[in-house]
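Below you'll find the structure, written out as structure tokens, and then a few comments.
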Protein chains: 2
Amino acid sequence: MDANDRPHANLAGVDTRPLRQQIADALQAAILSGEIKPGEALIETEIAGRLGVSRAPVREALQLLANSGLVETVPYRGTTVRQLSADDVEEVYSMRTVLETFALRRAMARDARATARALRDICDVMGQHAGSGDWSRVSAEDERFHRQLIGMAEHRLLGHAWRDLNMRVRQIMALRNLQNEDTMTIVYNHLPIVDAIEDGDVETAVQRLADHIATAADLVTELAEEAVAVAPGDDVGGPPER
Amino acid sequence: MDANDRPHANLAGVDTRPLRQQIADALQAAILSGEIKPGEALIETEIAGRLGVSRAPVREALQLLANSGLVETVPYRGTTVRQLSADDVEEVYSMRTVLETFALRRAMARDARATARALRDICDVMGQHAGSGDWSRVSAEDERFHRQLIGMAEHRLLGHAWRDLNMRVRQIMALRNLQNEDTMTIVYNHLPIVDAIEDGDVETAVQRLADHIATAADLVTELAEEAVAVAPGDDVGGPPER
DNA sequence: GCCATGTCGATTGTCGACAATCTGCATCGT
DNA sequence: ACGATGCAGATTGTCGACAATCGACATGGC
């Protein structure tokens, strides 16, 4: 989103970014697409060999991913894709509610009209994609809605925290695979929020936003329970000592 | 705090932790003590030479610090200690309010009694140190109060976010140098919060906590304006292009 | 004089090799 | 049989050297 905002820094996109960034992006995409599954080990040597680079940038890329919480690194034992326990999902969504309602209050205090306008535009686009049944684009617009909301708060710290959190959200959603009808119910929750914002009714807007996120969380946790029944995690706390 | 919680892993503290961690701790201490000032450049070669290690762990340590927001790294241009604009201070304290009020609600929902008990104990210790005029210990107990509050929420994501934020708070406080009377006013704000928690009055407790943090923020921003008048930052957005 | 270009020193980015540590299995003594 | 000890093998941690990039100054053409 902020990669090529320089006028024409490179004619054909030679990708002059540091390798660690490119590697981190590649790994992140692989994790979010489910190509690399939770619990799986990310071995530096292997990744470096596969990408044809040295281990140094791979290590730094892994550290990047560790910060955003996608992977977990234990000294001398390696890094693995984070497992998602039910508690994790609850934490992610409760935190998301906190951050986004804060953003909403702040954005409305700053300029409720502008906030409503920007969000309504996104809702329009989302509605179009929903009409033509393009669910991946609907989902993309949904994310853009929330990202825009955060952006309107003009709070860099908040923006940074949300970006990390959003990655976890995407990881969670990648593991579920929502049905179309499911996202359907979420899509039409956006407009009432915008309406409340436009009316300047902070508390109603906050309440609706919180409900909206809670609905998404419920949907995801339901699917999680089904998934757990099929594919048990190794997080069950078995007795094997040391 | 969680370094030597293993029974007796090492007899005499050989410090078997990865170098990056030790380096990061050392740098962090240097930054928080004011030994390294905001805006100052952290040159990998120099740090490595001074500590007698290679650049690799130094780079990783710097990345660690960049995550917690203490330093800022620009590709190919180096890492510098973050400057603290007035906006930064506002962001840190507003975010802190959000996180801690969330923690308070959650802790009270979990077990208000236990929360009140734990916090009151800390207040007692804080009172003792205040009585004997040991202000550095008072400040340490103040931090422990808030850390405990976060801990009672039983929310790892929240705990992680707060830990990073707390580092920023400490950086801010390190640059001010509060007077004793100033901390004084803050110390006696803790007990009313605990009282409200014990009564199970969530909204009052939240309000008092928010006020408490706001008071601390005001105190700090006042001192900030004085400091700015003396030492101007280079963040003023001068016209020099490219 | 002014802008484009070339060069230089400093610093970061990347690489390949070596050392330290962990896990699991075999070995040994009892 | 059982637990402690001591190897491998694999993987991460650290190192020193080389390459790429940046900012600033000097140089040259207009």
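- Here the CZ-CE distance, from A:R168 to A:M173, works out to 14.5 Å after rounding to the nearest 0.5 Å.
- Listed by chain and residue number, nothing satisfies the side chain to side chain donor-acceptor pair (under 3.5 Å) test with B:Q21 (two or more places apart in sequence, or in another chain).
- On the nucleic acid side, DNA chain D has its first and last nucleotide under 4.0 Å of a heavy atom of chain A at D:dT11 to D:dT14, going 5' to 3'.
- Side chains of B:E100 and B:R96 form a contact here, defined as non-hydrogen atoms less than 4.5 Å apart.
- Contacts of A:R110 classified as side chain to side chain contact (heavy atoms under 4.5 Å, CB included), with partners at least two apart in sequence or in another chain: A:R106, A:E154.
- Applying the salt bridge (charged side-chain N to carboxylate O under 4.0 Å, His left out) test to pairs two or more places apart or on separate chains, those with a residue in residues 72-84 of chain B are B:R82-B:D88.
- The stretch residues 56-69 of chain B participates, sequence neighbours left out, in these salt bridge (charged side-chain N to carboxylate O under 4.0 Å, His left out) pairs: A:R59-B:E60, A:E60-B:R59, B:R20-B:E60, B:E44-B:R59.
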Considering only nitrogen or oxygen atoms on both sides, find all protein atoms under 3.5 Å from nucleotides 8-11 of chain C and state each distance.
none

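- Near DNA chain D, meaning a heavy atom under 4.0 Å away, the residues from residues 19-28 of chain B are B:L19, B:R20.
- Counting non-hydrogen atoms of neighbouring residues, nucleotides and ligands closer than 6.0 angstrom, the CZ atom of B:R156 exceeds 12 such neighbours.
- Of the listed residues (B:I172, B:T97, B:N166, B:L84), just one forms a side chain to side chain contact (heavy atoms under 4.5 Å, CB included) with B:V92, and that residue is B:I172.
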Side-chain donor-acceptor pairs under 3.5 Å in residues 35-43 of chain B, sequence neighbours left out?
{"residue": "B:E40", "atom": "OE1", "partner": "B:K37", "partner atom": "N", "Å": "3.1"}

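- Every residue meeting the side chain to side chain donor-acceptor pair (under 3.5 Å) condition with A:R137, not counting sequence neighbours, appears here in chain and number order: A:D134.
- Using a 4.5 Å heavy-atom cutoff, the side chains of B:R17 and A:P75 are not in contact.
- Using a 4.5 Å heavy-atom threshold, the side chains of A:Y93 and A:T221 count as separate.
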*Please step through side chain to side chain contact (heavy atoms under 4.5 Å, CB included) for the pair A:T80 and A:V71, ending with a clear verdict.*
CA-CA 6 Å; A:T80 57; A:V71 306; over 6 Å; no
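- At its two ends the helix from C:dG1-D:dC30 to C:dT30-D:dA1 runs along axes set 10° apart, each axis drawn from five pairs and the angle rounded to 10°.
- In this structure A:H146 satisfies the ring-ring contact (aromatic ring centres under 6.0 Å, His included) test together with A:H190, A:H212, sequence neighbours excluded.
- Contacts of residues 47-56 of chain A with DNA chain C (heavy atom under 4.0 Å): A:V53, A:S54, A:R55, A:A56.
- Atom NE2 of A:H160 has 12 or fewer heavy atoms from other residues, nucleotides or ligands within 6.0 Å.
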